Amino acid sequence: QVQLVESGGGLVQAGDSLRVSCAASGRTFSSIAMGWFRQAPGKEREFVAAISASGGNKDYADSVKGRFTISRDIAKNTVYLQMNSLEPEDTAVYFCAARRSAGSSYRRSDYYYWGQGTQVTVSS
């Protein structure tokens, strides 16, 4: 069983940076892939970034490539999403998710555990 708790969301202006965090419980954190998804009002939940269990493989949505960076700290059981050059289109609830295997994935259906989400709002 893995429980995920996101934090770090907030209201920022376009061009600002923000880092959201996801603290995971359970002793399996080092052996599972993690991902970030987001959902804007009236839209489907979409993939943002993913990282493999080892941290050696990272995937990004085209819309955030070059601006967002995913990372993980095994000692802290935490995964991060560093967001730079934020745009109003990045406004959404950001969800942390965990797989039950080591490989990263962009598919929402590949993730078994989900956090409650943290709101990120970017004003123009």
Side-chain angles (χ1 to χ4, degrees):
Q1 186 77 8
V2 176
Q3 292 186 326
L4 305 171
V5 179
E6 301 97 334
S7 62
L11 172 64
V12 297
Q13 293 188 328
D16 284 352
S17 297
L18 192 67
R19 188 179 78 166
V20 291
S21 304
C22 173
S25 67
R27 294 179 294 175
T28 62
F29 180 75
S30 62
S31 63
I32 58 176
M34 303 290 294
W36 284 98
F37 290 76
R38 67 186 182 186
Q39 188 166 17
K43 294 189 175 181
E44 294 286 321
R45 191 171 300 188
E46 65 176 5
F47 169 74
V48 176
I51 186 168
S52 61
S54 68
N57 190 59
K58 301 177 184 180
D59 297 307
Y60 296 95
D62 288 343
S63 58
V64 307
K65 242 175 231 180
R67 299 188 299 123
F68 290 12
T69 302
I70 189 171
S71 62
R72 63 191 299 160
D73 186 330
I74 300 298
K76 295 183 178 180
N77 271 21
T78 300
V79 63
Y80 304 99
L81 184 68
Q82 176 67 43
M83 303 181 288
N84 298 331
S85 302
L86 282 161
E87 305 167 351
E89 293 73 24
D90 296 316
T91 295
V93 176
Y94 283 71
F95 295 91
C96 174
R99 297 197 67 193
R100 290 194 289 187
S101 58
S104 63
S105 173
Y106 63 88
R107 296 186 187 88
R108 192 173 70 180
S109 59
D110 285 343
Y111 289 83
Y112 192 80
Y113 303 101
W114 291 84
Q116 293 301 306
T118 185
Q119 177 71 48
V120 173
T121 303
V122 185
S123 64
S124 57

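Just so it is clear, the structure is predicted and the values come from calculations on it, not from any experiment. Counting from 1, the numbers follow the sequence of the chain as shown.
The shortest heavy-atom contact between Thr118 and Gly9 is OG1-N, 3.2 Å. Heavy-atom minimum distance, Arg100 versus Tyr113: CG-CE1, 3.7 Å. Glu87 and Val122 make their closest contact through O-CB, 3.3 Å (heavy atoms, listed as atom of the first residue, atom of the second, distance). Ser104 and Ser52 make their closest contact through CB-N, 3.8 Å (heavy atoms, listed as atom of the first residue, atom of the second, distance). In plain terms, the two heavy atoms of Ala40 and Ala92 that are nearest each other are N-CB, 3.8 Å. For Thr78 against Ala23, the heavy-atom pair with the smallest separation is OG1-CA, 4.1 Å.
A distance of 8.0 Å separates CZ in Phe95 from CD in Gln116, rounded to the nearest 0.5 Å. Of the inter-residue distances, the one linking Phe47 atom CZ with Trp36 atom CH2 reads 13.0 Å to the nearest 0.5 angstrom. The line from OG1 of Thr91 to CD of Gln119 is 7.5 Å long, rounded to the nearest 0.5 Å. Within the model, atoms CZ of Arg67 and OG of Ser17 stand 10.5 Å from one another, a figure rounded to the nearest 0.5 Å.
Here the side chain of Arg72 pairs a donor or acceptor atom with the backbone of Phe29 at under 3.5 angstrom. Panel note: side chain Asp59, backbone Ala50; no donor-acceptor pair is recorded below 3.5 Å. With hydrogens and angles disregarded, a donor-acceptor distance shorter than 3.5 Å links the side chain of Asn77 to the backbone of Gly26. Although no hydrogens or angles enter the test, the distance criterion places no donor-acceptor pair under 3.5 Å between the side chain of Tyr80 and the main chain of Thr69. A donor-acceptor pair under 3.5 Å links the side-chain atoms of Arg99 to the main chain of Asp110, judged by distance alone. A donor-acceptor pair is defined here as one N or O able to donate and one able to accept, closer than 3.5 Å; such a pair exists between the side chain of Tyr111 and the backbone of Ser105.
Between Leu4 and Met34 there is a side-chain heavy-atom pair separated by less than 4.5 Å. Between Val120 and Met83, the closest side-chain pair of non-hydrogen atoms falls below 4.5 Å. Within the 4.5 Å cutoff, the side chain of Trp114 has no heavy atoms near those of the Cys96 side chain. The closest side-chain heavy-atom distance from Val20 to Glu6 is not below 4.5 Å. For the pair Ser63 and Arg38, the minimum side-chain heavy-atom distance is below 4.5 Å.
Within a 6.0 Å sphere centred on NZ of Lys76, heavy atoms belonging to other residues, nucleotides or ligands number 12 at most. Heavy atoms from other residues, nucleotides or ligands lying under 6.0 Å from CD of Gln13 number 12 at most. No more than 12 heavy atoms of other residues, nucleotides or ligands shown are found within 6.0 angstrom of OH on Tyr106.
Residues Val79 and Ile74 share a single hydrophobic cluster, defined by chaining ILVMFWY side chains whose heavy atoms lie under 4.5 Å apart.
In this structure, Arg108 fails the cation-pi test against Phe37, since its NZ or CZ atom is not both closer than 6.0 Å to the six-membered ring centre and inside 45 degrees of the ring normal.
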- Val2/Tyr112 under side chain to side chain contact (heavy atoms under 4.5 Å, CB included): CA gap, chis, key distance, verdict: CA-CA 9 Å; Val2 176; Tyr112 192 80; over 6 Å; no

